Amino acid sequence: MTSTAKPLFVTCALPYANGSIHLGHILEHIQADIYVRFQRMLGRKVYFVCADDQHGSPIMLKAQKLGKTPEEMIAEVEKEHRADFAGFNITYDNYYRTNSPENQEICTCMFNKLKENGYIKSRTISQLFDPEKNMFLPDRFVKGTCPKCGAADQYGDNCEVCGATYSPTELKDAYSAISGAKPVLKDSEHFFFDLPQFEEFLKTWTKSGALQSEMSNKLQEWFEQGLQQWDISRDAPYFGFKIPGTDDKYFYVWLDAPVGYLASLKNLLDKQGIDVYDVINKNNDTEIVHFIGKDILYFHSLFWPATLEGCGYKSPSKIFVHGYVTVNGAKMSKSKGTFIKASTYLKHFNAECLRYYYASKMNGKIDDLDFNLEDFVAKVNSDIVNKIVNLASRTAGFITKKFGGRLGDSIADPELLAKFTAVKETIASDYLNREYSHAIREIMSLADLANKYVDDKAPWVIAKDESKQQELQDVCTMSLNMYRILITYLSPILPELTAKSADFLATDLSWDSIDTPLTGSEIKPFKALFNRIDSKTVAQMIEDSKEDIKAEQAPAPKAEKKPAKKDSDEAPAEITIDEFAKVDMRAAKVLACEAVPESKKLLRFELDLGNGEKRQIFSGIKSAYQNPEELVGRFVIVVYNLAPRKMKFGVSEGMILSAGSGDSDIFLLSADSGVKPGDRVM
């Protein structure tokens, strides 16, 4: 495998600066780092950069909630993110920020180019406006009643109960998720990037091989729906960069975030006397490679290449898309302690354990990756400790004690060693195509051969026979050469173990050195290179993860959730005792309770209402009850005579009463012990 002369410019998606890095995020950075490390082993020039994404309304609002300026908050988060990536041995040449002069310069430059080339349009639009906060509301900051199914507390762009999509202006009883105020419609002039002008370019580019075939096919759906102009502006107040020539308009965060790739590169290249605009010039042979999650495909495969094309810059050469991380087969859960922060993991385990485990499951497809905690312990101990490191520990001591640390002058089994070097090109191809799991299977197959060789030769038996000392030295030399090749193959995944091994073997573990046997040289005394892990540490990590969530939630004062206001802001209408008597409420026993997989809010209850009557009711309290099976056997209060409602998941035959302000602050109403199914609430 020979190096290509073309340099690489590699990025990962920018982490948003309003929270910690968790093990779902770290997948992408490990995947990219392995790819970059191998490219560097081949001698290829790589610019590997990333940055914190630091703009937008959520940053501004969270900083207000914490009583800090946005600048103070993003500085703290950036420091935390940098430490996390360093802890996982991610080798960025530059980790920067979007709230930087370089990013503002490039955003302004690109906007002006797009405007000059006729790709920026402006028009007046009507948006919902929070009169208390004096700000326009993004869709996700508007909540209300779904106009399709009538479900309460739905977001302004889609209903999580029935799945309907709509405009925030269609919501009934809409209120601001920030202040609780009733929003009003207000006109504002906005700037739009004219994406439809790039339809033919994008149709060609998306089929050029820059994307995995699954993603290219997915994009065809958006072409069929028709490309729309993209609103790239936001109104004040907003934390971001002002649009040139305006007083109260800001670049939308999704415009300046991908530009942050170029800003981080510029910050790096300025120190080397290289012009970033030369690197992204269409005539430059540098290849641009982005690693991203499947949730941000739309922005990276349509808007981003179109804006680059509109400015006359290079398009991305490759966009590698990956799936999500699940834990034990389910979404990461804060209540279960499986929403694990990178920093929490690093308190308990070596970063290389996760790097190896993730790599053992990674391929070039868009599949989700399951972090199975029991399998994690077993695989790390079996593969790294038992098969790899143990290979060196079983034979290195003989070289030190019997031969003063000097390896033999010959290889005991050249034919077997040739099998180890024969897969070099295959493993190289796996790394280049991100088929890391296949590479590991090849490497572990070789490790099995190596351990069988040592078992068959039994150097501990040979050592007892003084007449076979040369054979002992040659067998141990053979064993350590197999170890040398195996660890070199694994070096992009396990850089720390590789560095320790290179020091122990007193040699350079480079890709080019794989074919050259290590003989006649001296090694250092063997020391423990890697420690076993156990399930008790996993359990402690889970408990600490739960404590992390409690600590994050405790200091922040809970925002008061106000009901949607009426035009007159009047008090709730009074009802008579006769009207109230029409509501039939009864006690019901929970027979079964489960989450509705297709919904983010709903639990499905099966209830016993006495006299053999069973009912199914859907309740939007999933956020407060992460373990719904624990509700089985409890008594709840049900509105018995509420008309059944047909939903996409089935018919809901009543309403379960609860209290609270929403999200995790929801509490089921129940009855004292002694109540029976079907008892009426008096």
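Worth saying up front: this structure is predicted, and the values here are computed from it rather than measured.
- Counting heavy atoms from C-beta on, the side chains of Asp515 and Lys424 come closer than 4.5 Å.
- Judged by the 6.0 Å distance and 45° axis criteria, Lys294 is positioned over the aromatic ring of Tyr324.
- The cationic atom of Arg434 (NZ for Lys, CZ for Arg) does not lie both less than 6.0 Å from the six-membered ring centre of Tyr35 and within 45° of the ring axis.
- Qualifying ring-ring contact (aromatic ring centres under 6.0 Å, His included) partners for Tyr16, counting only residues two or more places apart in sequence or in other chains: none.
- Between Tyr92 and Phe48, the ring planes lie tilted relative to each other; the angle falls in the 30° to 60° range.
- Shortest non-hydrogen contact noted between Gly260 and Leu14 is CA-CD1, 4.2 Å.
- Each of His29, His22, Glu28, His25 was scored for a side-chain contact (heavy atoms from CB on, under 4.5 Å) with Pro15, with one residue passing: His29.
- Using a 4.5 Å cut-off on side-chain heavy atoms (C-beta onward), Phe291 and Ile319 make no contact.
- Taking the ring centroids of Tyr155 and Phe141, they lie at or beyond the 6.0 Å cut-off.
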Would you please test Ser20 and Glu80 for side-chain contact (heavy atoms from CB on, under 4.5 Å) and show each step?
-> CA-CA 7 Å; Ser20 299; Glu80 179 187 339; 2.6 Å; yes

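- The aromatic rings of Phe136 and His190 stand perpendicular to each other, their planes meeting at an angle above 60°, with 30° marking the opposite boundary.
- Proximity of Pro183 to Gln127: side-chain heavy atoms (C-beta onward) are nowhere separated by under 4.5 Å.
- A ring-centre distance under 6.0 Å is found for Trp511 and Tyr489.
- Atom CD1 of residue Ile125 and atom OG of residue Ser233 lie 7.0 Å apart, to the nearest 0.5 angstrom.
- Between Ser315 and Ile288, the shortest heavy-atom distance links the atoms O-CD1, 4.2 Å.
- Among pairs with a residue in residues 252-265, those fulfilling side chain to side chain donor-acceptor pair (under 3.5 Å) read His55-Asp256, Asn94-Ser264, Tyr261-His300, at least two apart in sequence or across chains.
- Applying the ring-ring contact (aromatic ring centres under 6.0 Å, His included) test to Tyr357 and every residue at least two apart in sequence or in another chain returns Phe371, Phe376.
- In this structure, Trp230 and Phe303 have parallel ring planes: the angle between them is below the 30° cut-off, well short of the 60° mark.
- Side-chain contact check for Ile232 versus Phe192: every heavy-atom pair is 4.5 Å or farther apart.
- When atom types are taken as modelled, the side chain of Lys314 and the backbone of Asn284 share a donor-acceptor pair closer than 3.5 angstrom.
- With rounding to the nearest 0.5 Å, the separation of NZ in Lys266 from CD in Glu105 is 4.5 Å.
- Between atom CD of residue Glu435 and atom CE of residue Met362 there is a gap of 12.0 Å, rounded to the nearest 0.5 Å.
- A 4.5 Å side-chain heavy-atom check between Tyr298 and Trp304 finds every atom pair outside the cut-off.
- Of the inter-residue distances, the one linking Leu8 atom CG with Tyr47 atom OH reads 10.5 Å to the nearest 0.5 angstrom.
- Relative ring orientation between Trp205 and Phe201 is described as parallel, the plane-to-plane angle staying below 30° on a 0-90° scale split at 30° and 60°.
- Inter-residue side-chain proximity for His322 and Gln31 is flagged as met; some heavy-atom pair is nearer than 4.5 Å.
- With a 4.5 Å cut-off on side-chain heavy atoms, Ile120 and Phe111 count as touching.
- Remark: the backbone N or O of Pro492 is paired with a side-chain donor or acceptor of Arg355 at under 3.5 angstrom.
- Looking at heavy atoms from C-beta onward, Lys218 lies in side-chain contact with Leu297 at the 4.5 angstrom threshold.
- Note that the OG atom of Ser100 and the CG atom of Asn103 stand 4.5 Å from one another [nearest 0.5 Å].
- Rounded to the nearest 0.5 angstrom, Ile59 CD1 and Glu71 CD are separated by 11.0 Å.
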